[in-house]
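Inspection log for the structure reproduced underneath, given as structure tokens.
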Protein chains: 2
Amino acid sequence: MNEEEQQLNKVLMLFYFGYRTFTEKPDQMIEKYGIQRVHHRILFFIARVPGITVNDLLSILEVSKQALNAPLRQLYEKNLIKMVHADYDKRFKQLYLTDQGKQLESELSHVQREQMKTIFNSLGGNHQEAWIDVMNVLAKVRPGQQFFNEQNGERCD
Amino acid sequence: MNEEEQQLNKVLMLFYFGYRTFTEKPDQMIEKYGIQRVHHRILFFIARVPGITVNDLLSILEVSKQALNAPLRQLYEKNLIKMVHADYDKRFKQLYLTDQGKQLESELSHVQREQMKTIFNSLGGNHQEAWIDVMNVLAKVRPGQQFFNEQNGERCD
DNA sequence: ACAAATAGGTCAATTATATTGTCCTAATAA
DNA sequence: TTATTAGGACAATATAATTGACCTATTTGT
């Protein structure tokens, strides 16, 4: 067991512990709304890609449509998201946050942004860029990544 | 929505996508052993802290003892871990990997180490250090972190 | 010696998250 | 007009986690 291997074992541990801390605060905050982490993820990605269709959201989250359906309905019933039949094809439903949904999503993501911003600022230098570079290599293999590569906030056809 | 906020929203997305890629390969590898991610985490931490007690492992994983008990029993039944009553207090059970457990843990962690190593090496510079610095800030608030701060591989009393 | 505390195990009920499979409607395309 | 597609719904199942209650064995403190 050489030193490099030990360092990399620490990296694996840090990934586990780090992600846990990252998700901790929003998990606590959403409890009182009667929703869970999966709902937070949905709110987050609808906020990033307003007007996204159900199928495209599925490919970002990489879950089955049955897994998405229930939390989506719950968010609708809690008036946190809107569904609009697309003009260009009425089979498609486009998903948007309601004002209430925008408010909640913004609160949740704000906490995480501040958490990361504080860390990047306290470490200074090029820590933020370096961290992003590393995570980008991991993230780029995800199918949902395609929605965030370029300037396609809505859809292009 | 200024540029900094957009950059930080990307950071949140990268954390989700990145962690997903990080856990993907071991998840697939352990399928054929009939175990899941929770078992991998247990194997990983027993490998890092051989002789750890059940209670200490609980505090690292931050789950209830009921949540740990079943997967621990399954790993024992599959001959991947050993349990030894501690010399210093027979109430304590010390956990160790069997040779088979060491073999499997080493395969799983090897894949993740290589994945991260490849990324760090390809990006070069101080990317590895910077990434570790950032994750260390997040990880240090975890209670289980105490087992990895200094030179206490076993226990000190 | 005996009561209290500790480490750990077990059983039950519940919740959340996810899967696959099947079947359905509505809308569009060939 | 048939086939395909987007989406929804229901059922059965699996995994992962919770809280609560109760049990044994061991050690500690009085």
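Labels below follow one simple rule: chain letters A, B, ... track the order of the sequence lines, proteins then strands, and each chain is numbered from 1. Here the structure is a predicted model, which is why all the values come from computation and not from measurement.
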Upstream residue (5' side of DNA chain C) when R91(A) and V63(A) are each assigned their closest nucleotide
V63(A)

note: I30(A), atom CD1; dT15(C), atom P; distance rounded to Å ~ 18 Å

Check every atom of dT17(C), dG7(D), dG8(C) against the side chain of R41(A) and return the nucleotide holding the closest atom.
dT17(C)

Report which part of the nucleic acid K93(A) touches: base, sugar-phosphate, or nothing (heavy-atom distance under 4.0 Å, all strands).
sugar-phosphate

What is the distance from CG of L57(B) to C1' of dG8(C), rounded to the nearest Å?
13 Å

Measure CE/M83(B) against P/dA7(C) and give the value in whole Å, please.
16 Å

Respond yes when some side-chain nitrogen or oxygen of R73(B) is under 4.0 Å from OP1 or OP2 of dT10(C), and no when none is.
yes

For dG7(D), does OP1 or OP2 lie under 4.0 Å from any side-chain N or O of N55(A)?
yes

Please give, in whole Å, the distance from dT15(D) P to N69(B) CG?
17 Å

note: Y76(A), atom OH; dG8(D), atom P; distance rounded to Å ~ 11 Å

In terms of hydrophobic clustering (I, L, V, M, F, W, Y; side-chain heavy atoms under 4.5 Å; direct or indirect links), are V141(A) and I119(B) co-clustered?
no

Heavy-atom check, side chain of N136(A) versus side chain of Q145(A), under 4.5 Å:
yes

Give a yes or no on whether the backbone of S106(A) and the side-chain of S109(A) come within a donor-acceptor separation of less than 3.5 Å.
no

If you count the non-hydrogen atoms of other residues, nucleotides and ligands that lie under 6.0 Å from CD in E129(B), is the total more than 12?
no

Check the distance between dG7(D)'s P and L68(A)'s CG and give it to me in whole angstrom.
10 Å

Rounded to whole Å, the OH-P distance (Y88(B) to dT27(D)) equals 11 Å

Confirm from the modelled atom types if Q66(A) and dG8(D) form a donor-acceptor pair under 3.5 Å, side chain to base only.
no

Does K90(A) or S64(A) map to a spot on DNA chain C nearer the 5' end, using the closest nucleotide for each?
S64(A)

Take the protein atom NZ of K65(B) and the nucleotide atom P of dC22(D), then report the distance between them rounded to whole Å.
13 Å

Classify the ring geometry of F45(A) against F148(A): parallel below 30°, tilted from 30° to 60°, perpendicular beyond 60°.
tilted

Report yes if at least one side-chain N or O of Q36(A) is closer than 4.0 Å to OP1 or OP2 of dT15(C); otherwise report no.
no

